[in-house]
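Below is one structure, written out as structure tokens; comments come after it.
Computed from a predicted model, the values in this text were never measured in an experiment.
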Amino acid sequence: QVQLVESGGGLVQAGGSLRLSCTASGRTFGSGAMGWFRQAPGKEREFVAAINLNGVLTVYSESVKGRFAISRDNARNTVYLQMNSLQPEDTAVYYCAAGRWSANAKDYDYWGQGTQVTVSS
């Protein structure tokens, strides 16, 4: 079993930056991929970024590529999402997830409770 807790969300102006953190408890953090997803009001949950077990492989959605960076510290059981050049369309609840290397939410078994990111124009 893995428990995931996100932090770092908040309100930021367009063009600003935030860094999200997701800390895991449980024995399986270091055995699988980690992903970030987001869900805006009235929209379906969408993939943002994923990182493989050892942090060598990363993948991003086209909408955040070049602006966001995912990383992980297995010694700290933590995955990060550095978000730069934020835009109002990035406003959403951001979720971290643990599972298989994939951009599909169905491949992730464990989810955090989410952290709100609001970008004002």
Are the side chains of Arg38 and Phe47 in contact, using a 4.5 Å heavy-atom criterion? no
From Thr118, Val119, Thr91, residue fulfilling side-chain contact (heavy atoms from CB on, under 4.5 Å) relative to Val12: Val119
Can you measure from CD (Gln13) to CD (Gln87) and round to the nearest 0.5 angstrom? 12.0 Å
Heavy-atom nearest pair, Tyr60 first then Ile70, reads OH-N, 2.9 Å
Tell me the closest heavy-atom pair linking Gly9 and Val117, and the distance in Å. CA-CG2, 4.1 Å
Tell me whether Asp73 contacts the main-chain N or O of Asn77 through its side chain, where contact means a donor paired with an acceptor under 3.5 Å. no
Option from Val79, Asn74, Leu81 for which side-chain contact (heavy atoms from CB on, under 4.5 Å) with Met34 holds: Val79
Could you check whether any side-chain N or O of Thr78 sits under 3.5 Å from a backbone N or O of Arg76, counting only pairs where one atom can act as donor and the other as acceptor? yes
Indicate the atoms forming the closest heavy-atom contact of Leu18 with Gly8, along with that distance. CD2-O, 3.8 Å
Determine whether Met83 and Ser17 make a side-chain contact, defined as any pair of heavy atoms from C-beta on separated by less than 4.5 Å. no
Cluster overlap Trp36 with Tyr110, hydrophobic side-chain contacts below 4.5 Å: yes
Inter- and intrachain pairs under salt bridge (Lys or Arg N to Asp or Glu O under 4.0 Å), touching residues 52-68, at least two apart: Glu62-Lys65, Arg67-Asp90
Identify the heavy atoms of Ala40 and Ala92 that sit nearest to each other, and give their distance. N-CB, 3.8 Å
Between Leu20 and Thr115, is there a side-chain heavy-atom distance shorter than 4.5 Å? yes
Can you check whether Val93's main-chain N or O pairs, donor with acceptor, with Gln39's side chain at less than 3.5 Å? no
Say whether Ser25 and Gln3, considering side chains only, have a donor N or O and an acceptor N or O under 3.5 Å apart. yes
List the atom pairs, donor and acceptor, that lie under 3.5 Å between side-chain atoms in residues 95-103 and the rest of the protein, sequence neighbours left out.
unit_1: Arg100; atom_1: NH2; unit_2: Asp107; atom_2: OD1; d: 2.5
unit_1: Ser102; atom_1: OG; unit_2: Asn104; atom_2: N; d: 2.8
unit_1: Ser102; atom_1: OG; unit_2: Asp107; atom_2: OD2; d: 2.6

So, using ring pair (Phe, Tyr, Trp, His ring centres under 6.0 Å) as the criterion, who are the partners of Tyr80 when residues are at least two apart? none
Could you check whether Trp111 and Phe37 have their ring centres less than 6.0 Å apart? yes
So if you build clusters from Ile, Leu, Val, Met, Phe, Trp, Tyr with side-chain heavy-atom gaps below 4.5 Å, do Ile51 and Leu57 land together? no
If you measure from OG on Ser63 to CD on Glu46, what distance do you get to the nearest 0.5 Å? 5.0 Å
What's the shortest heavy-atom distance between Ala33 and Tyr108, and which atoms? O-CE2, 4.3 Å
